[in-house]
Amino acid sequence: MAVQLNHLSTLNSNKHEKQPKPPLPTTRRRAAATLQVRAVYSSNGRQLIQSGAVRPIQPKDAATAIVSEGFTLLDIRPAWEREKARVTGSLHVPLFVEDKDNSPVTLLKKWVHFGYIGLWTGQYFTTLNPDFLLQVQKAVPDKDSKLLVACGEGLRSMMAATKLFGGGYKNLGWLAGGFNRAGDDDFPAVEGTEKLQYATIGGASYYFLQLLIFLEAGGKSN
């Protein structure tokens with residue numbers, strides 16, 4: 001009887017043991033890994049800036065850094081943002097590229113992204129550019145070169161600076177706040193159809209912006 005009770009007790013305890021969770025599907029694992037990478041790079045980027053390893057440069061001081069100090073402006077925005085507005089002579093290597101994976105789960109995520117973000121901002125569903133560092137090394141083989149890393153808001157360029165620092169580039173600047181904080185006269189030559197500080201804005205929000213600009217211009221004329 002004692003043996004049977006012990007056997008039943010063992011069976012019951014095994015039922016209550018936590019079973020290992022099934023592994024996440026490949027696409028979900030990749031998305032989770034991307035989020036973790038972004039968090040790590042952003043955290044490390046702030047540490048590099050705070051320690052002085054990466055120099056923060058305000059948009060109003062960027063032209064001086066380029067002309068007088070020999071910095072090359074590295075624009076890491078995706079192609080669709082750069083097409084709208086770009087600084088003449090800047091180097092372009094995107095940190096994020098459009099995610100062209102068409103698996104069922106990714107297509108669903110793209111649809112959700114479009115409904116919540118893409119429709120409003122005009123941004124594509126993106127993934128990290130796996131060849132980012134290699135492309136920069138090809139364009140700028142001398143790792144002693146001065147690179148001023150820039151994006152729209154400053155977060156993606158912080159990630160890019162971290163990646164470049166880890167790849168051996170030590171003379172790095174970071175455009176603080178990104179192009180969004182640039183004034184009309186901060187960069188002497190800008191190409192494209194939009195103002196540099198509005199290039200990250202797209203989708204429905206772009207038309208709201210144009211309406212606000214129109215109303216503001218009308219108010220000033222009155």
Side-chain angles (χ1 to χ4, degrees), residues 38 41-42 45-46 48-49 54-98 113-114 116-126 128-129 132 136 139 146-164 172-222:
R38 291 185 184 185
Y41 277 136
S42 296
R46 292 188 184 93
L48 290 173
I49 292 168
V54 174
R55 174 183 163 190
I57 298 176
Q58 298 295 328
K60 63 183 179 63
D61 301 320
T64 299
I66 294 169
V67 175
S68 302
E69 300 182 44
F71 275 90
T72 296
L73 183 62
L74 175 59
D75 186 347
I76 60 92
R77 296 174 301 165
W80 53 89
E81 289 184 24
R82 182 174 168 83
E83 287 173 359
K84 295 179 184 178
R86 57 201 171 274
V87 176
T88 301
S90 60
L91 177 65
H92 180 232
V93 180
L95 180 63
F96 286 93
V97 293
E98 183 180 359
H113 169 85
F114 176 77
Y116 283 93
I117 300 175
L119 180 62
W120 176 250
T121 66
Q123 293 290 337
Y124 291 92
F125 189 73
T126 60
L128 277 168
N129 178 6
F132 172 75
V136 174
K146 296 181 178 180
L147 293 177
L148 175 54
V149 191
C151 69
E153 305 86 0
L155 294 177
R156 293 169 295 181
S157 53
M158 190 182 296
M159 294 172 59
T162 304
K163 202 170 184 67
L164 290 169
L172 296 171
W174 168 66
L175 189 68
F179 290 126
N180 287 9
R181 294 192 179 182
D184 291 342
D185 301 322
D186 286 346
F187 295 93
V190 177
E191 303 172 6
T193 57
E194 302 293 336
K195 288 188 176 182
L196 193 60
Q197 56 268 45
Y198 298 151
T200 57
I201 302 173
S205 61
Y206 170 80
Y207 296 101
F208 277 96
L209 174 65
Q210 295 301 314
L211 177 60
L212 289 173
I213 293 174
F214 174 78
L215 293 175
E216 183 178 348
K220 289 181 179 179
S221 62
N222 292 334

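As a basis for the values below, the full set of heavy atoms in this structure was taken, side chains included, without hydrogen atoms, waters or symmetry mates. Start at 1 with the first residue, then count along the sequence.
Between Phe179 and Glu81, the closest side-chain pair of non-hydrogen atoms is not below 4.5 Å. Under the 4.5 Å side-chain criterion, counting only non-hydrogen atoms from C-beta, Val136 is in contact with Leu147. Counting heavy atoms from C-beta outward, Leu164 and Phe132 have side chains that approach closer than 4.5 Å. Annotation: side chain of Leu196 is in contact with side chain of Val87 (closest heavy-atom distance under 4.5 Å). Using a 4.5 Å heavy-atom threshold, the side chains of Phe71 and Arg55 count as touching.
Taking OG1 of Thr88 as the start and CD of Glu191 as the end, the distance is 3.5 Å to the nearest 0.5 Å. A distance of 9.5 Å separates CZ of Phe96 from CG of Asn129, quoted to the nearest 0.5 Å. Rounding to the nearest 0.5 angstrom, the gap separating the CZ atom in Arg181 from the NZ atom in Lys60 is 12.5 Å. The structure places CZ of Arg86 at 13.0 Å from CG of Leu73, a figure rounded to the nearest 0.5 Å. The line from CG of Leu74 to CG of Leu148 is 8.5 Å long, rounded to the nearest 0.5 Å. Atoms CE and CG, on Met159 and Leu95 in that order, are 5.5 Å from each other to the nearest 0.5 Å.
For the pair Val54 and Gly173, the tightest heavy-atom approach, listed with the atom from each and the gap, is CG1-C, 4.2 Å. The minimum heavy-atom distance between Gly178 and Pro59, with the atom names listed, is O-CG, 3.8 Å. The nearest pair of heavy atoms linking Glu194 to Ala85 is O-CB, 3.3 Å. Of all heavy-atom pairs spanning His92 and Ala79, the tightest one is CE1-CA, 4.1 Å. Between Leu175 and Ala62, the shortest heavy-atom distance links the atoms CD1-CB, 3.9 Å. Between Ser90 and Asp75, the shortest heavy-atom distance links the atoms OG-CB, 4.4 Å.
Annotation: side chain to side chain donor-acceptor pair (under 3.5 Å) contacts of Asp184 (sequence neighbours excluded): Lys195, Gln197.
Proximity of a side-chain donor or acceptor of Arg156 to a complementary backbone N or O of Glu153 within less than 3.5 Å is not detected. Side-chain atoms of Trp174 do not come within 3.5 Å of backbone N or O of Ser157 as any donor-acceptor pair.
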